[in-house]
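This report refers to the structure that appears directly beneath it.
Only heavy atoms go into these numbers, but all of them, side chains included; no hydrogens, no water, no symmetry mates. Every number for a ligand or one of its atoms is a count from 1 in the order of the listing.
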Amino acid sequence: RVLRGRPLDLAGRKIVISAGGTREAIDPVRFIGNRSSGLQGYALARTAVARGAEVTLVAANTTLPDPAGAKVVRVESTAELREAVLEASAGADAVVMAAAVADFRPATRQDSKIKKTDGEPEPILLTKNPDILAELGERRRAARDAQAGAEAPGVIVGFAAETDDVLANGQAKLARKGCDLLVVNQVGEGLAFGTPDNAATVLVAGGEPVEVPFGPKEDLADVVWDLVAARIS
Ligand code: CTP
Ligand code: CA
């Protein structure tokens, strides 16, 4: 059976997708954020639903309409995204980390709005956030060692935005994070962020990279699902 021109090759599969960009509070009214619109993650969610998957979309600060047929969990910070992704991914067939996750957060969150004073402002000290993708990879490694299987996601997909040495940085990142696929975008000069089209190279652990030409984010999503479906079965 085919739905909207797509195979139902993810029927009954439990898939978790993160989308958007996390925000880290400085005080009650201000945050550190990034330019991710969530368009690629939402395209992944729509296409996965169309291919029959049971989708949980963990959406960080997006303004897009909920994709029909997906369960949407809204989050703001990296800590919230981590909670939601780890909870949904226990026993999932695949997890795709399309969200732009803040690498750092303010070391302390001020309880009151920071006021202008006569002198120069205090610097904002930053601290490192946990790496959720690397954590998923480690959980899976641990589950395989213990042959416990069910608590770790089956297939793990990361995204990477790079401005320089795109492929070399991407290959190193794929290995470091222990994922199966890494979708590498070149960013800068108006590429990728907030636009409906994208071009990418999908790096494959133990395989040849797949080039996806410039086109709708749904097309890139379908290439990801082709590769994921082959790894699930
Ligand atoms: N990621 C994550 N947790 C973080 C940072 C990133 O899960 N704290 C995930 C992203 O969702 C993405 C992948 O890791 O799928 C790669 O993100 P990227 O920012 O390119 O990699 P980093 O390891 O953060 O390296 P850098 O920003 O220094 O290039
Ligand atoms: Ca990063």
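Distance check: E138 CD to L133 CG gives 10.0 Å after rounding to the nearest 0.5 Å.
Between Q110 and R30, every side-chain heavy-atom pair lies at or beyond the 4.5 Å cut-off. R231 is listed as a side-chain neighbour of L181, based on a closest heavy-atom distance under 4.5 Å. T201 places a side-chain heavy atom less than 4.5 Å from the side chain of L167. Looking only at side-chain heavy atoms (C-beta outward), V155 and D93 stay at 4.5 Å or farther from each other.
With a heavy-atom cut-off of 4.0 Å, A99 touches ligand 1 through its backbone alone. The part of P130 lying near ligand 1 is the backbone, judged by heavy-atom distances below 4.0 Å.
At a cut-off of 3.5 Å, with distance as the only test, a side-chain donor of E24 or T78 sits close to an acceptor on the other residue. There is no side-chain donor-acceptor pair under 3.5 Å between D103 and N129.
Scanning the protein for heavy atoms near atom 4 (C) of ligand 1, the closest one is V101 CG1, 3.4 Å. Looking from atom 14 (O) of ligand 1 to the surrounding protein, the closest heavy atom is K177 NZ, 3.0 Å. Atom 20 (O) of ligand 1 has as its closest protein heavy atom K173 NZ, 2.6 Å. Looking only at protein heavy atoms, the nearest one to atom 13 (C) of ligand 1 is F159 O, 3.0 Å. Among all non-hydrogen protein atoms, the one lying nearest atom 15 (O) of ligand 1 is M97 O, 2.7 Å.
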task: Give the intermediate values and the outcome of salt bridge (charged side-chain N to carboxylate O under 4.0 Å, His left out) for residues E218 and R46.
output: CA-CA 8 Å; E218 271 87 2; R46 283 194 304 277; 2.3 Å; yes
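Close approach to A160 involves these atoms of ligand 1, each under 4.0 Å from a residue heavy atom: 20 (O). Heavy-atom contacts of R176 reach the following atoms of ligand 1: 23 (O) (cutoff under 4.0 Å). Of all atoms in ligand 1, numbered sequentially from 1 with element shown, those under 4.0 Å from a heavy atom of I132 are 2 (C), 3 (N), 7 (O). Set against the non-hydrogen atoms of G158, the atoms of ligand 1 under 4.0 Å away are 15 (O). Near L133, the atoms of ligand 1 lying under 4.0 angstrom from a non-hydrogen atom of the residue are 2 (C), 7 (O), 9 (C), 13 (C), 14 (O), 15 (O).
Closest approach of D180 to G154, counting heavy atoms only: OD2-O, 4.0 Å. Shown here for A99 and L81, the closest heavy-atom pair between the two residues is CB-CD1, 4.3 Å.
Checked against V224 for a side chain to side chain contact (heavy atoms under 4.5 Å, CB included), the options V210, I17, V183, T47 give a single hit: V183.
Of all protein N/O/S atoms, those lying under 3.0 Å from the Ca ion (ligand 2) come to 2.
A donor-acceptor distance shorter than 3.5 angstrom exists from the side chain of W225 to the backbone of L44, with no hydrogens or angles considered.
Taking all heavy atoms of V85, D103, N129, T78 into account, the minimum distance to atom 19 (O) of ligand 1 is reached by D103. Among V184, D131, L174, L182, the residue whose heavy atom sits closest to atom 2 (C) of ligand 1 is D131.
Between D222 and R6 a salt bridge is recorded (basic side-chain N to carboxylate O distance below 4.0 Å).
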